[in-house]
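Below is one structure; the comments refer to it alone.
Numbers restart at 1 for each chain; the letters A, B, ... are given by sequence-line order, proteins then strands.
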Protein chains: 4
Amino acid sequence: VIALGLCLVAAVAFDPSPITTFRLNGTVAAVVTVFDSKLNVDYSVINAQAAQLMQQGIRSVFVCGTTGESLSLTVPERKLIAEAWRSAATQYGLTLIVHVGTATPLESVDLAIHAQQIGADAIATMATFFFKPSTASDVAAFLAQISAAAPKIPLYYYYIPSMTGVSISVADILLAATSSHHVPTLRGAKFSDADLYEFGRCVGLRDTYGSPFNLLFGRDEMLLGALAIGADGAVGSTYNLPFMAPIYNRLLSAYASGNMTAAQAEQARSRELVYLMKSYGGGALKAMLDLSGVLGGLPRPPFVALTPTQLSSLKQDLVKNGFLS
Amino acid sequence: VIALGLCLVAAVAFDPSPITTFRLNGTVAAVVTVFDSKLNVDYSVINAQAAQLMQQGIRSVFVCGTTGESLSLTVPERKLIAEAWRSAATQYGLTLIVHVGTATPLESVDLAIHAQQIGADAIATMATFFFKPSTASDVAAFLAQISAAAPKIPLYYYYIPSMTGVSISVADILLAATSSHHVPTLRGAKFSDADLYEFGRCVGLRDTYGSPFNLLFGRDEMLLGALAIGADGAVGSTYNLPFMAPIYNRLLSAYASGNMTAAQAEQARSRELVYLMKSYGGGALKAMLDLSGVLGGLPRPPFVALTPTQLSSLKQDLVKNGFLS
Amino acid sequence: VIALGLCLVAAVAFDPSPITTFRLNGTVAAVVTVFDSKLNVDYSVINAQAAQLMQQGIRSVFVCGTTGESLSLTVPERKLIAEAWRSAATQYGLTLIVHVGTATPLESVDLAIHAQQIGADAIATMATFFFKPSTASDVAAFLAQISAAAPKIPLYYYYIPSMTGVSISVADILLAATSSHHVPTLRGAKFSDADLYEFGRCVGLRDTYGSPFNLLFGRDEMLLGALAIGADGAVGSTYNLPFMAPIYNRLLSAYASGNMTAAQAEQARSRELVYLMKSYGGGALKAMLDLSGVLGGLPRPPFVALTPTQLSSLKQDLVKNGFLS
Amino acid sequence: VIALGLCLVAAVAFDPSPITTFRLNGTVAAVVTVFDSKLNVDYSVINAQAAQLMQQGIRSVFVCGTTGESLSLTVPERKLIAEAWRSAATQYGLTLIVHVGTATPLESVDLAIHAQQIGADAIATMATFFFKPSTASDVAAFLAQISAAAPKIPLYYYYIPSMTGVSISVADILLAATSSHHVPTLRGAKFSDADLYEFGRCVGLRDTYGSPFNLLFGRDEMLLGALAIGADGAVGSTYNLPFMAPIYNRLLSAYASGNMTAAQAEQARSRELVYLMKSYGGGALKAMLDLSGVLGGLPRPPFVALTPTQLSSLKQDLVKNGFLS
């Protein structure tokens, strides 16, 4: 069951046709979108982002997700970002997952068509979150619509109830999508919630009932718990941070070799980092990237960049806790 | 204080420059968007919708709002709908408020620019609801951005926490927008929530502190309570229904003349209708329009059209309760 | 429909047998429980509380409710408080409603038996709030149990979802209690929530369907809205404050005479007071009582008494806003 | 760090004075309270319950917790139950933890005094849940009050936000209780929530900062995730079921020996059981006990016993899934 190797193994992106063999393992970076001083997207840095992630041992990127400030981007901006990442991902050997979730089904369809056109390796979508689905069948019907728009590449359902307010059972959605609805490209889920019972039900569908779902966990700060329940891999924001890469690498290695004490020590480090990040608010991740020599850029509202005072304080905290030297 | 006349008085839309004298009274219809059998927007019926509303005594329309399935529409569709309504509203003497709220600030800016270009009488926007604002100041900053995009027409803040998850004090937002932030076009609020303490605080800003806010209430089924607290008018979905028009007209007249017993009897009728509407789910309003001889059309997902059986049952219920004959 | 007289009319407590004619009008004070410096109940001040309320024009008291810190009291304390109030209420001509709501049905039964024994004029109970009911029928079954324990006195259902987490439709509960369940003493509801649609549904049961429910509203700061919808009277905390009595008296008089502008001005004063009260936290009401010459005493945890600095600031605010001189 | 042995090791209850060495490991059964046909507590079956649990390999019992329908019991009933369990636990060598949480601090104080008097090995309490604490310091102050009432036995904080609505950080509470407040008997927490980041922060306090906290997890259906994060043991309802005992024993053994695949298979079985249990509602656990030959008895309202039809269906489901033969 456990698919995590001793080291970070690249997700192998075959010819799109064999969708069911597509598989993401290890840590997938939910990349940030860099905005310049006028809050315009800085597409020029995407190549450098890709190079940096490759160097950190990351083999897959999740583009225009929540960390990427998806819903602060217009549809045209999201397309341009996806194109720039397609190019960079190819250059650096990264697997590219493009998030197409929006509040509006037709916009997501548009993004899905585009993602397939530019050669994305996979797409992911949230449920719509203004007019919210009521049932698993509602969500499956929406997934069918997205699948039809990009019929040649794998599709992941992205579950993030803290943002969407949609907390319909993911296992029920996976079941509905593979039984009463036609979602042939459905490949798995990115699960960004703490409920490991629900996540475990998805694992049960994969392991017990033979559906070849690929299950990725989205809360970095409790990854080890999800691995124990049966996660295939992880998608998150802190995997972007250069100083966190060795920590997560060691966590995955320790877990794979059955050294839970060592794995727990690394998860403790991850919690410390996340605690710091939360303390400094929505602009903290980008500030941490800047502080670690990787361009983070400004966030778009409603997030705010750290003040110079906050930045200085954050730096001290990172040094004091041994994340930066 | 009470601005509601004995009959429905048209909102007088002056030359856009005197924004502070713009004022909506009585009932404003939050109009539906009609979709055809392929779920495409049917722009051709907008003129007839306008004609019908005028005949019902409605003098203002709120376009592409929640009732209009705003977030099930793409940005280009919203622009075309606004244009069609501009034409129809001019022909039938209706005041046109275009809702520009989306999850993405730049999309709302785009819609606001367009609304001013086509000559909308006013615009309204919700707070962004994926990346949610944390403070009244965050919302005011967003309103400033929208105001700058359409500097010549009045702007309303649209408060609907049940859909957005944003429950920041409206009074605090109005205060922030008129003190620390520059939102010169801010004209008032559409308040779609039951909390009449919070609504009353907005009324207090208008009455006690002299800010000329125009305060519209958005929950038809408890309108009388809001009038008593000090609402200037109402924006809602049930004002579209031909058989409800005389009921609301009598409610407003009775209230204006101090006949609370009569007004309460009409509000009771409104509650009965809303109770029925809720019982039949998200497709009920459009079905009721169809049943009353006004084209409602299909809803887009996740809402579903009533089945023939449900439609028949709804018709019986409307007849049994005296709404239809 | 409107039962509020020009002045505060006493609720007339008949011989308990004619339960259906029992009726509360005007403002009912949800009285505080006074704790001494050791946080013991000070029963000795209850007579003075009753005298003060009578002098303010209050004719009914709601004892051991949320304002009375019900759930910070043991069952024996609640019985002693009820007894002391029975004596004081008789002396000062007040109608006595004893709240018997707890988390544990058998404790509420015990309190209900006691309340009838000591001659309470009526009782009220919330739904249980740890093991929460799931349906209106569940709540009606619980009301039946309480009714059987005190079969000779009227029973009110106390709806306060912000505290209990139970938001089951009150109208559905009233219907269930009078149809499928046997709750012969059920007399009405104390409704402490902003949803005037739901409250209106209860009003509809009273007016349209002939059930003689007595409907009391529990959010002082939006009382006028509830009156407009059809409230018979009000139960709340701010009615205890001597300097608020003339304000609420004028509000009720203005409403009864159809002078909505005047009524709105008084509601505005009420909102200002509530805004202040909320700003100073859970100990503010008792501090305001102290500042207005009526003993408030200390609150029990988790509420905290105001610090001397806060008390001084609160006093200034009350003077500045014209509540105290 | 991992304290779970290959088999279920009894919690060793020393002389109460060395509180800091008290430690619970493995699975603790949150026992049910058996009610007879008149819904009275059946104290006579407690000895048999203890005997059965001992036979299943359980070494500790959590009495009058949520599974024990705590808040459906009066204070006197809870004392009698605790006494009966004290006797039974001594006879069968079980460690006895008495839950004293209520909505009313003085009632919890009363129960804590009693628990110490009868020789309970430890006590646990929730935060009060009607008048809710606002800060970690509020909760710590309450824990100090309980600790002072039972100064000779260990105290656990019981975190169950789904029932109490109190979601204040447990780690912050543990920190406040051991720094600014005097809670000398505080020994750890029973954590009944999915948030393994927060749970991990508590683990961090134990491991990194040297506070000797004993951390028990309360959601059986995701136990393996909590073990991976660092749980010392578990308290839950499904540990009562005879047919689940071998499953959880194997889960703990597999985890301890690093065989995650085997542990995951057992957790999958646990999820299947919990899924069934949830499907049949609040009376399901007791019905399952009955079906497995252990007296479960009736539940008190608002929970309802299964109908004969439901019981028959449940039995079939348990057989079909291999839980019963």
Side-chain angles (χ1 to χ4, degrees), chain A residues 33 35 39-41 64-78 99 101-111 126-146 160-166 168 281-283 299-304, chain B residues 33 35 39-41 64-78 99 101-111 126-146 160-166 168 281-283 299-304:
Chain A
T33 301
F35 301 108
L39 295 183
N40 291 320
V41 178
C64 292
T66 305
T67 303
E69 295 174 66
S70 52
L71 270 299
S72 294
L73 300 165
T74 64
V75 168
E77 286 174 333
R78 287 173 73 162
H99 176 237
T102 71
T104 305
L106 289 182
E107 287 188 355
S108 293
V109 164
D110 185 15
L111 288 168
M126 308 181 285
T128 56
F129 49 88
F130 186 77
F131 296 116
K132 297 174 184 67
S134 301
T135 64
S137 179
D138 288 348
V139 180
F142 171 63
L143 293 176
Q145 188 180 11
I146 299 301
I160 184 164
S162 63
M163 297 301 288
T164 61
V166 177
I168 297 167
R300 277 190 175 165
F303 298 124
V304 280
Chain B
T33 301
F35 301 108
L39 296 183
N40 291 319
V41 178
C64 293
T66 304
T67 302
E69 297 175 63
S70 52
L71 270 298
S72 295
L73 300 165
T74 64
V75 168
E77 286 175 334
R78 287 173 74 162
H99 176 237
T102 70
T104 306
L106 288 182
E107 287 188 356
S108 293
V109 164
D110 184 16
L111 288 168
M126 309 181 284
T128 54
F129 49 89
F130 186 78
F131 295 116
K132 299 175 181 67
S134 301
T135 66
S137 179
D138 288 347
V139 180
F142 171 62
L143 293 176
Q145 187 180 11
I146 300 300
I160 184 164
S162 64
M163 297 300 288
T164 60
V166 177
I168 297 168
R300 277 190 176 165
F303 298 125
V304 281

message = Just verifying a value: how many Å separate B:Leu106 CG and A:Glu77 CD, rounded to the nearest 0.5 Å?
response = 5.5 Å
message = At a 4.5 Å cut-off on heavy atoms, which part of A:Phe142 comes close to chain B: side chain, backbone, both, or neither?
response = neither
key: B:Thr74 (side chain) donor-acceptor with A:Glu107 (main chain) under 3.5 angstrom   = no
note = The single option from B:Thr102, B:Thr104, B:Leu71 that satisfies side-chain contact (heavy atoms from CB on, under 4.5 Å) with A:Thr104 is B:Leu71
ask   = Of the non-hydrogen atoms in A:Pro133 and B:Pro302, which two are nearest, and what is the gap between them?
value = CA-CB, 4.0 Å
remark   = If you tally heavy-atom pairs under 4.5 Å between each of B:Asp110, B:Thr135, B:Thr128, B:Thr66 and chain A, the highest tally belongs to B:Thr66
task = Examine whether an atom of A:Val75 lies under 4.5 Å from a heavy atom of chain B, and if so say whether it belongs to the side chain, the backbone or both; otherwise answer neither.
result = both
query = Does the side chain of A:Ser70 come within less than 4.5 Å of B:Phe131's, by heavy atoms?
reply = yes
query = Checking A:Gln145 against chain B: side chain, backbone, both or neither under 4.5 Å from a heavy atom?
reply = neither
key: Nearest atoms (heavy-atom pairs only) where B:Phe130 meets A:Thr164   = CE1-CG2, 4.3 Å
